[in-house]
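Before any comments, here is the structure.
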Amino acid sequence: MSNDNVNHPSHYTSGPFECIELTSRYPFLGGNAIKYVYRWQGKNGLEDLKKALWYLNRAKEESPYEPLGLYPLDSFVPPYCDFHTDDEAVRMLRKLARLNWQNMRGFWKGMAELACDHKSGYTRAKKTLERRIRLLESMLTDEEQTVLSAVWQDKELTESQNRIAYRLQARGLAKLDKSDGVWNPTGKER
C-alpha cells in the first residue's frame, strides 16, 4: 500500500491490520490510548506514550470503578447493560500481544484482559506504559538501548550484551529472568 498521509498513513497501516479497525471498536478515550501506543515508534516516540498514559488515566478517573472508556463499545448490551466480550477486539489485541507490536506486549495483553472484563488489565497496561516511559526518559547509551530492544524482542544476546542486560536489571530498568539460559523479559516460564 502506498503512503497516503490523509487516508492511510504508514504509522497506522504498518501493523498486522490498520489501527482504525481496532480503535473504532472503542470509545474516544480507549481508542486514543490504543492509537498512540500503536504508532509510537513510527511517529512521535515518547510523546505518544505519554499521551496514551494520559488517556488511560483519564478513562479511569472518569469512572474509577468501571473504566468504561477502556472497554470496547459493544461490551455492554441493553437493556440490562450486561457485559459481553467483543471477540473481534480481543482477537486483534491478542494478535498485537503475540507479535509484541511496537515492543508493547504488556499493554496489548492488559487491553485484551479489559476487553474480557478482567479489571487487572488496566494495571498491566498502565504499568507497561509507565515502565517504558521511565526507561525512555532515563539516560541510556545506544548500546543499552540496543540490548533492551533485543530483550523485548526475545533475541539471543552475546556475552557482552548479557553483561549490559544484568546492569540494566540492577538499575531496575528491566525485569529479567535467565533461568533457562535465555533472557525472558516477562519473567514468566516458557
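No hydrogens, no waters, no symmetry mates; every other heavy atom, side chains included, goes into these values.
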I need the minimum non-hydrogen distance between [X] and [Y], along with the two atoms involved.
{"X": "Val90", "Y": "Ala115", "answer": "CG2-CB, 3.6 Å"}
{"X": "Lys109", "Y": "Ala97", "answer": "CG-CB, 3.8 Å"}
{"X": "Asn100", "Y": "Arg105", "answer": "OD1-N, 3.0 Å"}
{"X": "Arg58", "Y": "Leu29", "answer": "CG-CD2, 3.9 Å"}

If you measure from the Lys or Arg side-chain nitrogens to the Asp or Glu carboxylate oxygens, is any gap between [X] and [Y] under 4.0 Å?
{"X": "Glu137", "Y": "Lys50", "value": "yes"}
{"X": "Asp48", "Y": "Lys43", "value": "no"}
{"X": "Arg163", "Y": "Glu159", "value": "yes"}
{"X": "Glu88", "Y": "Arg25", "value": "no"}
{"X": "Glu130", "Y": "Lys127", "value": "no"}

[atom2] on [Y] to [atom1] on [X], rounded to 0.5 Å:
{"X": "His118", "Y": "Arg124", "atom1": "NE2", "atom2": "CZ", "answer": "11.0 Å"}
{"X": "Gln41", "Y": "Leu46", "atom1": "CD", "atom2": "CG", "answer": "12.0 Å"}
{"X": "Leu22", "Y": "Arg91", "atom1": "CG", "atom2": "CZ", "answer": "10.0 Å"}
{"X": "Tyr36", "Y": "Trp54", "atom1": "OH", "atom2": "CH2", "answer": "9.5 Å"}
{"X": "Leu93", "Y": "Leu114", "atom1": "CG", "atom2": "CG", "answer": "9.5 Å"}
{"X": "Leu49", "Y": "Gln102", "atom1": "CG", "atom2": "CD", "answer": "9.0 Å"}

State, yes or no, whether a side-chain contact exists between [X] and [Y] at a heavy-atom distance under 4.5 Å.
{"X": "Trp101", "Y": "Lys95", "result": "no"}
{"X": "Thr146", "Y": "Ile164", "result": "no"}
{"X": "Lys51", "Y": "Asn32", "result": "no"}
{"X": "Arg94", "Y": "Cys116", "result": "yes"}

Practice problem: Would you sort out whether Arg39 and Cys19 count as a side-chain contact (heavy atoms from CB on, under 4.5 Å), showing the intermediate values? | Solution: CA-CA 8 Å; Arg39 75 178 201 189; Cys19 183; over 6 Å; no
ask   = Is atom CG of Leu99 surrounded by more than 12 heavy atoms (other residues, nucleotides or ligands) closer than 6.0 Å?
value =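 Yes - once you tally the heavy atoms of other residues, nucleotides and ligands closer than 6.0 Å, there are more than 12.
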* Go through the side-chain N and O atoms of Lys60 and Asn57 and say whether any donor and acceptor fall under 3.5 Å apart. =>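 No, Asn57 and Lys60 have no side-chain donor paired with an acceptor closer than 3.5 Å.
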Across all chains, not counting sequence neighbours, the ring-ring contact (aromatic ring centres under 6.0 Å, His included) partners of Phe17 are none
Taking the inter-plane angle between the rings of Trp108 and Tyr38 on a 0 to 90° scale, is it parallel (under 30°), tilted (30 to 60°) or perpendicular (over 60°)? perpendicular
Heavy-atom donor-acceptor pair, [X] side chain to [Y] backbone, under 3.5 Å:
{"X": "Gln145", "Y": "Asp142", "answer": "no"}
{"X": "Asp86", "Y": "Ala89", "answer": "yes"}
{"X": "Arg132", "Y": "Asn103", "answer": "yes"}
{"X": "Glu144", "Y": "Thr141", "answer": "yes"}

Item to complete: In sequence, state the C-alpha distance, the side-chain angles, and the governing distance for Glu113 and Tyr122, and then conclude on side-chain contact (heavy atoms from CB on, under 4.5 Å).
Response: CA-CA 8 Å; Glu113 289 167 1; Tyr122 168 79; over 6 Å; no
